[in-house]
Amino acid sequence: MLELNVFRAQWMSELKPSPGTSDRLQRARGVKRTQDIAREEKATELFLRAVQEEQNGAVYEAIKFYRLAMQLDPDIEFKINYSRPPDADRGGGNYMEDSDTDGEIEDLLTYFEQQLTLESSFPKICTPELEATQTHISALPREILMYIFRWVVSSELDMRALEQLSLVCRGFYISARDPEIWRSACLRVWGRNCTKVVPFKSWREMFLQRPRVRFDGVYISKTSYIRQGEESLDGFYRAWHHVEYYRYLRFFPDGVVLMLTTPEDPLSVVPRLRTRNIRMDSALLGHFRLSQETDNQTKVFAVVCKKKEDKATEFQRNRFCRRNQAPEAEHAFHVGLHLTSRGRQSFSKLVWIHHSCHITYKLTGETVITTFDLDRMYTPFFFARVKSYTAFSEQPL
């Protein structure tokens, strides 16, 4: 029993903190708090430096500083007060735009031009981010660079690729807004009806807002109906057939249009419409024009006909025909369409307003016109973008 009491007394004395121990604990906590503050300040400095590098376009450098900041403090992203600018002596620099408090720049083109002018008295289109052993594209003269941009647009008027190219850097953004490129594109679309930029602010605004047909895809119309079939031999039932076919319209920037009516689905037909040299008997080739009516409606008028066969093919086809052949005649189809928009897609819908067939007999020169009634079989065309149509550039703009 005595030994047990001695053990308890010794154990209680060990549990009581001594005056020196409490001082050491307080000093340790103070050192730890100071280290935490220093670590947070360093993480803040690295994080703001990463923000600045990212805004300057140096993505790889930004990732490096982000990683270092997160290693010091995993929650540093939520501890930074973005409403106040960092101190000037820290590595973050001025990561906030002092001239634009709302973060929105109305005229981005003018802003970029001013920035390049302030940086150098002889500004370049762009500057290399990293050291390169080969010649950088910034070493090219502006005239050659603009010629490359015209190859990007190409003769197919791929203005979407030009807009994507403008996202590379400030210099490319300025070059992609060159008025001469957009003026050339407008002239390709509207021709002599496009002499003045008024009432639009720029040629680019005219190209984007003025109604026009699109060249980077195909307009597709799907028609389906049910018709009654022949009666069975025993007379007990009569079959019903579900008929489905498609009409395709493919416009080209030089005024050529390709029209095709076939029961084949778009998956198999659309790739063959990339060029006008299509090998399908039902394909019709012709020209189109845009018409701006007084009622502020844009209409598309086209005249298409069957592709003429060469002499050898025609001879082979008529070789086994009877002597009393049908009189030679040329068939031309006149098509009128109303161009409208559908939802957020501009100029993506074509509605029928006219369809007729003009038959001209070569022997007498007589022309017979047959106008078709626009019933429910004439469903509207809807645009579908096809990336492969603008994947290659054969000629510059």
Side-chain angles (χ1 to χ4, degrees), residues 57 107-117 120 122-129 132 134-198 200-218 250-258 273-277 287-290 346-347 383 385-397:
D107 193 351
L108 196 59
L109 178 62
T110 305
Y111 174 76
F112 282 162
E113 289 176 345
Q114 293 176 354
Q115 290 293 316
L116 290 179
T117 305
S120 175
F122 300 98
K124 292 184 177 181
I125 293 296
C126 57
T127 55
E129 179 182 354
Q134 300 178 351
T135 303
H136 194 260
I137 194 172
S138 60
L140 296 177
R142 182 180 177 84
E143 293 77 11
I144 297 180
L145 192 63
M146 297 309 300
Y147 185 66
I148 295 175
F149 275 48
R150 287 181 175 270
W151 267 101
V152 172
V153 176
S154 76
S155 58
E156 298 294 333
L157 295 185
D158 187 11
M159 310 308 292
R160 183 187 182 92
L162 183 66
E163 292 290 283
Q164 292 176 340
L165 186 63
S166 67
L167 302 177
V168 174
C169 62
R170 292 177 299 179
F172 279 24
Y173 184 92
I174 296 173
S175 301
R177 297 299 190 275
D178 184 65
E180 192 59 32
I181 292 182
W182 292 94
R183 178 178 175 273
S184 301
C186 292
L187 290 176
R188 287 289 304 276
V189 175
W190 294 285
R192 292 177 297 178
N193 297 327
C194 179
T195 56
K196 297 181 180 180
V197 71
V198 180
F200 302 97
K201 298 180 181 179
S202 63
W203 293 105
R204 178 176 177 271
E205 182 179 335
M206 175 188 289
F207 187 88
L208 296 178
Q209 296 184 6
R210 186 174 177 179
R212 55 178 172 81
V213 292
R214 298 184 59 176
F215 310 117
D216 56 343
V218 59
R250 168 84 161 99
F251 296 96
F252 296 89
D254 56 354
V256 176
V257 60
L258 185 64
L273 297 178
R274 185 179 180 274
T275 63
R276 64 198 70 181
N277 299 323
H287 292 81
F288 75 94
R289 64 179 179 88
L290 296 175
S346 302
F347 328 126
F383 180 79
R385 179 172 169 262
V386 184
K387 295 181 180 180
S388 61
Y389 287 176
T390 55
F392 303 96
S393 298
E394 297 180 356
Q395 292 179 354
L397 174 64

field: ring pair (Phe, Tyr, Trp, His ring centres under 6.0 Å) partners for Phe251, two or more places apart
entry: Tyr219, Phe288
N/O donor-acceptor pairs under 3.5 Å from side chains in residues 141-155, not counting sequence neighbours:
{"residue": "Tyr147", "atom": "OH", "partner": "Trp151", "partner atom": "NE1", "Å": "3.3"}
{"residue": "Arg150", "atom": "NH1", "partner": "Leu397", "partner atom": "O", "Å": "3.4"}
{"residue": "Ser154", "atom": "OG", "partner": "Glu156", "partner atom": "N", "Å": "3.2"}

message: For residues 201-210, which residue pairs pass the salt bridge (charged side-chain N to carboxylate O under 4.0 Å, His left out) check, not counting sequence neighbours?
response: Glu163-Arg204
- prompt: Any idea which heavy atoms bring Pro211 and Leu290 closest together, and the distance?
  reply: O-CD1, 4.3 Å
message: With heavy-atom distances below 4.5 Å as the criterion, would you say the side chains of Phe392 and Arg274 are in contact?
response: yes
message: Taking side chain to side chain donor-acceptor pair (under 3.5 Å) as the definition, give me every residue that meets it alongside Tyr173, ordered by chain and number, with sequence neighbours left out.
response: Arg177
message: Quick check for you: to the nearest 0.5 Å, what is the distance between Met159 atom CE and Ile181 atom CD1?
response: 7.0 Å
- request: Could you pull out all residues at least two apart from Arg160 that satisfy salt bridge (Lys or Arg N to Asp or Glu O under 4.0 Å)?
  value: none
query: Is the shortest heavy-atom distance from the side chain of Phe252 to the side chain of Leu258 under 4.5 Å?
result: yes
message: As an exercise, state the distance from CG of Leu208 to CZ of Phe200, rounded to the nearest 0.5 Å.
response: 10.0 Å
- request: Taking the six-membered ring of Tyr389 (Phe, Tyr or Trp), confirm whether the NZ or CZ of Arg250 is under 6.0 Å from its centre and within 45° of its axis.
  value: yes
Test salt bridge (Lys or Arg N to Asp or Glu O under 4.0 Å) applied to Arg183 - qualifying residues, sequence neighbours left out: Glu180
task: Could you list the residues that satisfy side chain to side chain contact (heavy atoms under 4.5 Å, CB included) with Cys186, not counting sequence neighbours?
output: Trp190, Cys194, Trp203, Met206, Phe207
message: According to salt bridge (Lys or Arg N to Asp or Glu O under 4.0 Å), who are the partners of Arg276, at least two apart in sequence or on a separate chain?
response: Asp254
task: Side-chain contact test, heavy atoms from C-beta onward, threshold under 4.5 Å: evaluate it for His287 versus Val256 and give yes or no.
output: yes
message: Suppose we screen for salt bridge (Lys or Arg N to Asp or Glu O under 4.0 Å). Which residues come up paired with Asp178, at least two apart in sequence or across chains?
response: none
